There are 2 protein chains.
Amino acid sequence: MTTLAKDEVIKSDILDEATKLFRHYGLQKTTMEDIAKAVGKGKSTLYYYYKNKEEIFDAVIRKEKNIIFRNIQEDVSKEDSAVKKLEAFTRSKMREIKRMTTLYQVVVSEVRSCNELELGIRRNYDCTEAEILKSILQYGVITGEFPNYDQQELDMLAFLLVNAQRGVETALIMESKLDEMSEKMDFLVSVLMNGIRRS
Amino acid sequence: MTTLAKDEVIKSDILDEATKLFRHYGLQKTTMEDIAKAVGKGKSTLYYYYKNKEEIFDAVIRKEKNIIFRNIQEDVSKEDSAVKKLEAFTRSKMREIKRMTTLYQVVVSEVRSCNELELGIRRNYDCTEAEILKSILQYGVITGEFPNYDQQELDMLAFLLVNAQRGVETALIMESKLDEMSEKMDFLVSVLMNGIRRS
DNA sequence: TTCAGACTAAAAATATTTATTAGTCGAAAA
DNA sequence: TTTTCGACTAATAAATATTTTTAGTCTGAA
């Protein structure tokens, strides 16, 4: 294997600097020149590596999202019962959200007004969440922890879990009670869990 | 008892017309002149009966909110088990929301940007919801349907229920899937219910 | 006591100018 | 050939000035 292609290194540099800047100043207030300066290159050089600003932002979000979900997946896979997996999922998600509050805010709030992007990213994000949840639920059905929900019911359950959690998340963020988040989420999950477990 | 005081009649007329207009055009796009014209009075007359526009809007919201919650309370009180009460609560709330989508939108979305009002109304609205839920839960503890949750746990449960439901509501409204609302809510409530019922 | 018309001050909408910034291009450096 | 840059433009956003609308007041009439 040869050394990493030079252009891949630079692309990755650009992404790293862009990530920092977006996190600090948000999407709108970070200019292409800011990014170029941070990388130590001219502005037009960025356009040699990326089509435009949106492509950079997309790449940043995709990368960060992947990190989040890799971490979550890792935590989830450590547990061996579906119930514990679900608890791990929530705990892990909370931790990730706190760790990346700024970028999360960008995705959740700033981007919320930037219609084109919003839908894509937010939906994509939720889909991944729902996917993970669904796989956990499916696992629970297999292990016999949960009753024999059919595919449609599992979809609905995953949908409900994602959005119920988000409802609580939003309320706590709006009242800036992030510190109560864990406790309340634990309680919510334990209730939901017991609910799912019945028949 | 004498005939209803004349000014009470007019105040009520103003409220009725204002309600219609707010429902049709929203808070911002309804002017005091519009209301006055609809009532068939001059604009300044409105100020004889109400301090300002906000007071009118407040009164409209309070009145509508009372109707909603009276209807919900009525439906809830018909049931005699806590579980059925909770189901009735959700079903009834869904129906009320659909019935008043427009005004609900005003409260939920338009007012969301109108900071001063937002907090007051939204919080007030949620409080009432949470109060009803809490009383249902308390009832369930008394009847033995639910385990012996203490006061703090009941508060938390009510908070969770309100916001979990709102999360799902919001998602469905955003995707304009109001028709799936009942089905999904039923499912959510049944899950939550079973969760609450355990120990 | 109840109302209206004329009024004001504040806010909202509009138009206009100015400043930034995303993205292009052709040419130079590596 | 691959990578970089400086100079340029067109579009977007920010700032400013201008007009219109509208909430709320005041005086006085019925």
Side-chain angles (χ1 to χ4, degrees), chain A residues 2-22 24-61 106 109-118, chain B residues 2-19 21-22 24-61 106 109-118 120:
Chain A
T2 93
T3 49
L4 215 62
K6 191 185 169 201
D7 65 327
E8 284 305 317
V9 174
I10 293 176
K11 282 191 87 164
S12 163
D13 278 357
I14 294 175
L15 235 51
D16 289 345
E17 294 304 326
T19 306
K20 282 185 214 158
L21 288 167
F22 287 148
H24 256 274
Y25 306 105
L27 171 63
Q28 326 268 10
K29 287 185 180 163
T30 301
T31 73
M32 293 297 270
E33 270 165 10
D34 293 338
I35 300 174
K37 205 177 287 172
V39 182
K41 294 276 159 77
K43 186 178 64 153
S44 11
T45 305
L46 298 183
Y47 289 91
Y48 181 76
Y49 294 99
Y50 292 95
K51 200 180 134 216
N52 51 28
K53 195 179 184 182
E54 193 176 328
E55 199 175 279
I56 295 180
F57 185 66
D58 270 4
V60 168
I61 292 294
V106 173
S109 69
E110 185 182 354
V111 171
R112 175 147 291 173
S113 47
C114 198
N115 328 22
E116 326 87 62
L117 289 177
E118 172 195 351
Chain B
T2 93
T3 51
L4 214 62
K6 192 184 166 200
D7 64 328
E8 284 305 318
V9 174
I10 293 176
K11 283 190 88 165
S12 163
D13 277 357
I14 293 175
L15 236 51
D16 289 345
E17 294 304 327
T19 306
L21 288 167
F22 287 148
H24 257 272
Y25 306 106
L27 172 62
Q28 326 268 9
K29 287 185 180 162
T30 302
T31 73
M32 293 298 269
E33 270 164 9
D34 292 337
I35 301 174
K37 205 177 289 172
V39 182
K41 296 275 159 78
K43 188 178 65 157
S44 15
T45 305
L46 299 182
Y47 290 92
Y48 182 76
Y49 295 98
Y50 292 95
K51 198 179 135 217
N52 51 27
K53 195 180 183 181
E54 193 175 328
E55 198 174 280
I56 295 180
F57 185 66
D58 270 4
V60 167
I61 293 294
V106 173
S109 67
E110 185 181 353
V111 170
R112 174 147 290 174
S113 46
C114 198
N115 328 20
E116 324 88 61
L117 289 176
E118 173 196 352

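Computed from a predicted structure; not experimentally measured. Per chain, numbering begins at 1; letters A, B, ... match sequence-line order.
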Grab the [atom1]-[atom2] distance between [X] and [N] for me, whole Å please.
{"X": "A/Lys11", "N": "D/dT2", "atom1": "NZ", "atom2": "P", "result": "15 Å"}
{"X": "B/Tyr25", "N": "D/dT22", "atom1": "OH", "atom2": "C1'", "result": "17 Å"}
{"X": "B/Lys53", "N": "D/dA23", "atom1": "NZ", "atom2": "P", "result": "5 Å"}
{"X": "A/Asn52", "N": "D/dT12", "atom1": "CG", "atom2": "P", "result": "13 Å"}
{"X": "A/Glu8", "N": "D/dT3", "atom1": "CD", "atom2": "P", "result": "11 Å"}

(request) Quick one: label B/Leu46 by what it contacts on the DNA or RNA (base, sugar-phosphate, nothing), any heavy atom closer than 4.0 Å. (result)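 Result for B/Leu46 = nothing.
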(message) Applying a 4.0 Å non-hydrogen cut-off, can you work out what A/Tyr49 is touching in the nucleic acid: base, sugar-phosphate, or nothing?
(response)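 If one applies the 4.0 Å heavy-atom cut-off, A/Tyr49 turns out to touch the sugar-phosphate alone, with no base involved.
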Atom of [X], atom of [Y] and distance for their closest heavy-atom approach:
{"X": "A/Leu46", "Y": "A/Ala36", "value": "CD1-N, 3.9 Å"}
{"X": "B/Lys41", "Y": "B/Ile10", "value": "NZ-CD1, 3.7 Å"}
{"X": "A/Glu33", "Y": "A/Lys43", "value": "CG-CD, 3.5 Å"}

(message) When you compare the side chain of A/Asp7 with that of A/Tyr48, does any pair of heavy atoms fall below 4.5 Å?
(response)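 No, every pair of side-chain atoms sits at 4.5 Å or beyond.
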(request) Treat primed atoms plus P, OP1 and OP2 as sugar-phosphate and everything else as base, then score nucleotides 25-30 of chain D 5' to 3': B for base contact with protein heavy atoms under 4.0 Å, S for sugar-phosphate contact only, - for none. (result) BB----
(request) Kindly compute the distance separating CD (B/Glu54) from CG (B/Leu27), expressed to the nearest 0.5 Å. (result)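 Between atom CD of B/Glu54 and atom CG of B/Leu27 there are 9.0 Å.
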(message) With rounding to the nearest 0.5 angstrom, report the CD1 to CZ distance, A/Ile35 to A/Phe57.
(response)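 Nearest 0.5 Å value for the CD1-CZ distance: 10.5 Å.
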(request) Ignoring backbone atoms, test whether A/Thr45 places a side-chain nitrogen or oxygen under 4.0 Å from the OP1 or OP2 oxygen of D/dC5. (result)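 Answer yes for this pair, as a side-chain N or O of A/Thr45 is under 4.0 Å from OP1 or OP2.
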(message) If the test is side-chain contact (heavy atoms from CB on, under 4.5 Å), which one of A/Ile61, A/Ile14, A/Val60, A/Ile56 qualifies with A/Thr19?
(response)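 So, applying the side-chain contact (heavy atoms from CB on, under 4.5 Å) to A/Thr19 and each of A/Ile61, A/Ile14, A/Val60, A/Ile56, only A/Val60 qualifies.
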(message) Applying salt bridge (charged side-chain N to carboxylate O under 4.0 Å, His left out), can you list everything that pairs with B/Asp13, at least two apart in sequence or on another chain?
(response)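 Applying salt bridge (charged side-chain N to carboxylate O under 4.0 Å, His left out) to B/Asp13 gives none.
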(message) At a heavy-atom distance below 4.0 Å, which nucleotide of DNA chain C is the first touched by chain B, and which is the last?
(response)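 Going 5' to 3' along DNA chain C, contacts run C/dT1 to C/dG5.
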(message) Quick test of your reading of the model: are A/Glu17 and A/Lys20 salt-bridged, counting only N-O distances below 4.0 Å?
(response)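 Salt bridge present between A/Glu17 and A/Lys20.
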